[in-house]
A.B. asks: 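The structure that follows is given in the form of C-alpha cells.
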Amino acid sequence: MVNPIDTLHSSSISTAKESFLNGFFTGYNTGDVGTGIICAGMFITAFREKGYCNKQEYNKMMLGIILVGFTLLFVVYAGLAYLGSQGVNYYSLDVNATFLLTDLVKNLAGYEGSFILAVAVILACLTTAIGMIATAGQWVEAWFKGKISYRQASLMITIAIFMISCLGVSNVLKISGSIFMILFPMSVVLTFLGLGKKWVPNDGAWKGAVWVAFIMSLFAALNLAVMTGLVNIDISGLMNIINQIPLAKQGFAWLISTILGYVIGAVIYKFKKKESIAYEVWDN
C-alpha cells in the first residue's frame with residue numbers, strides 16, 4: 001500500500017455486480033464457513049473446559065474472538081483484492097490464481113516477500129488441516145464405534161489429503177470446488193438458523209431448510225463439475241429447468257428453495273405434533 005506496483009484498475013471482464021458475485025462464489029473455495037462451523041465446536045468445548053460456563057461471561061469472550069477474527073480476515077482478503085487489482089495490466093485474464101499471487105508478491109517485495117508469503121500460507125493451511133483432521137478423526141472413530149481408532153482414522157485422512165494435494169492446486173480446486181458448492185449453502189443455512197434459533201418453530205424447519213439446500217446444491221455442484229471438465233455429461237436440459245427458479249441464474253437457486261423447505265418442514269412437524277429437541281440450558 002505504501003509503494004504499490006501499479007495504480008488500481010477495474011477489470012474488463014465484469015461489472016461491479018458481476019465482480020461481487022464472482023468474489024462471493026470464489027469465496028466458496030476458501031471453505032471458511034464450513035470450516036468455521038466445525039472449528040466452532042472445538043472452540044466451544046475448549047471454552048467450557050476453561051470454565052466459561054456462565055452465558056454472559058461466555059458471550060463476552062466469544063464476541064471478542066469474533067471481532068478479532070473478523071478484523072484479521074478482512075485485512076487478509078481485502079489485502080489480496082487490493083493486490084490483485086494492481087495486476088490487471090500485467091497478466092492475462094486467464095492467469096493461474098496461484099501464479100498471480102506469488103508473482104505479484106515477488107514483484108512487490110522480492111524473494112524475501114515470497115518467503116514470508118510461503119511461511120504464512122504454510123501456517124494458515126497447517127492450523128486448518130490439524131483442526132479438520134482432528135475433528136474428522138474423532139467423527140470416524142465415533143461413527144465406527146471404535147473399530148477404527150482415532151489414530152488410524154487421522155492417519156488415513158492425512159494420507160488421502162497428501163495424495164490429493166499432489167494433483168496440484170488447479171486440479172484440487174476442480175475437485176474441491178464441487179464439494180464446497182454442496183457444503184457452502186448448507187453451512188450458510190445452518191449459520192443463520194443457529195443465530196435465530198429462538199425463532200425457529202421446530203426441528204422440521206431445520207431439516208426442511210438444510211435438506212432442500214443440500215439437494216439444490218447438488219445440481220449446482222454437478223453443473224460446476226461439467227464446466228470445469230471434471231465430469232463429461234450433458235445436463236443442459238436439467239439446468240434449463242433449474243434456471244427457472246428465482247435467482248438461479250445468479251447462482252442462488254438454493255435460496256428461495258431453502259425458504260420453502262423451511263416453511264414446509266415446519267408445517268409438517270406442526271401437524272405431526274413432533275416435539276423439538278430441547279436446546280442446551282446455560283448455567284446462571
Side-chain angles (χ1 to χ4, degrees), residues 24 27-28 31-49 52-63 65-66 69 131-132 134-148 150 153 178-222 242 245-248 251-284:
F24 186 88
Y28 278 31
D32 282 349
V33 177
T35 304
I37 290 176
I38 294 174
C39 291
M42 299 169 61
F43 287 136
I44 291 171
T45 301
F47 265 40
R48 298 293 176 82
E49 291 177 350
Y52 292 99
C53 295
N54 179 274
K55 184 177 181 179
Q56 184 177 0
E57 197 175 48
Y58 170 87
N59 286 343
K60 180 180 179 181
M61 290 294 294
M62 187 59 74
L63 179 61
I65 287 180
I66 290 171
M132 298 297 287
T135 303
Q138 292 173 350
W139 181 83
V140 171
E141 183 181 39
W143 180 266
F144 287 95
K145 298 180 179 179
K147 293 180 180 179
I148 297 178
Y150 167 76
S178 296
I179 296 174
F180 284 134
M181 189 67 74
I182 296 172
L183 297 178
F184 194 92
M186 288 193 298
S187 300
V188 171
V189 171
L190 284 170
T191 300
F192 277 96
L193 289 178
L195 290 172
K197 64 182 180 182
K198 64 174 65 176
W199 295 289
V200 178
N202 52 49
D203 294 335
W206 287 84
K207 294 177 181 179
V210 173
W211 270 110
V212 171
F214 170 70
I215 293 171
M216 298 308 301
S217 299
L218 286 176
F219 296 123
L222 179 60
I242 298 297
I245 300 173
L247 301 178
F252 295 96
W254 57 271
L255 184 57
I256 302 299
S257 305
T258 297
I259 295 173
L260 291 175
Y262 173 93
V263 174
I264 293 172
V267 171
I268 291 175
Y269 264 54
K270 186 72 173 176
F271 277 106
K272 287 186 175 182
K273 297 181 179 179
K274 288 191 175 183
E275 295 291 334
S276 293
I277 299 173
Y279 295 118
E280 182 177 0
V281 178
W282 286 89
D283 297 332
N284 293 323

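Hydrogens, waters and symmetry mates play no part in the numbers below; they use all other heavy atoms, side chains included.
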A.B. asks: Considering non-hydrogen atoms only, spot the tightest contact between V189 and A213 and give its length.
C.D. replies: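 Of all heavy-atom pairs spanning V189 and A213, the closest is CG2-CB, 4.0 Å.
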A.B. asks: Using 0.5 Å steps for rounding, measure from the CD1 atom of I259 to the CD1 atom of I264.
C.D. replies: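 Taking CD1 in I259 and CD1 in I264, the distance rounds to 12.0 Å.
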A.B. asks: With heavy-atom distances below 4.5 Å as the criterion, would you say the side chains of W143 and I148 are in contact?
C.D. replies: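 W143 vs I148: side chains apart.
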A.B. asks: A side-chain contact here means heavy atoms from C-beta on lying under 4.5 Å apart; do K60 and Y52 qualify?
C.D. replies: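 Side-chain contact under 4.5 Å: no.
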A.B. asks: Which residues satisfy the side-chain contact (heavy atoms from CB on, under 4.5 Å) test with V267, sequence neighbours excluded?
C.D. replies: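 Partners of V267 by the side-chain contact (heavy atoms from CB on, under 4.5 Å) criterion, ordered by chain and then number, come out as V263, F271.
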A.B. asks: Main chain of A205, side chain of N202: is a donor-acceptor contact present, judged purely on distance under 3.5 Å?
C.D. replies: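 Side chain of N202 to backbone of A205: a pair is present.
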A.B. asks: From L222 CG over to S217 OG, what is the distance, rounded to the nearest 0.5 angstrom?
C.D. replies: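 Output value for this atom pair is 12.5 Å.
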A.B. asks: Any side-chain heavy-atom pair from Y262 and P201 closer than 4.5 angstrom?
C.D. replies: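 Result yes, sub-4.5 Å side-chain heavy-atom pair found.
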A.B. asks: Taking all heavy atoms of Y150 and all of Q138, pick out the closest pair and write down the distance.
C.D. replies: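 Looking at all heavy atoms of both residues, the shortest contact is CD1-N, 3.5 Å.
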A.B. asks: Check ring pair (Phe, Tyr, Trp, His ring centres under 6.0 Å) between F214 and all other residues, then give those that pass, not counting sequence neighbours.
C.D. replies: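 In terms of ring pair (Phe, Tyr, Trp, His ring centres under 6.0 Å), with neighbours along the sequence ignored, F214 is linked to W211.
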A.B. asks: To check you understand the geometry: which heavy-atom pair defines the closest contact between A209 and T258, and what is its length?
C.D. replies: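 Looking at all heavy atoms of both residues, the closest pair is O-CG2, 3.5 Å.
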A.B. asks: Would a 4.5 Å heavy-atom cut-off, applied to side chains only, mark I245 and S257 as touching?
C.D. replies: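 A side-chain contact under 4.5 Å exists here.
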A.B. asks: After noting the C-alpha distance and the side-chain angles of I215 and W254, does the key distance pass the side chain to side chain contact (heavy atoms under 4.5 Å, CB included) rule?
C.D. replies: CA-CA 8 Å; I215 293 171; W254 57 271; over 6 Å; no
A.B. asks: Can you sort out the partners of A253 under side-chain contact (heavy atoms from CB on, under 4.5 Å), two or more places apart, ordered by chain and number?
C.D. replies: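 Once residues adjacent in sequence are excluded, the partners of A253 under the side-chain contact (heavy atoms from CB on, under 4.5 Å) criterion are M216, I242, A248.
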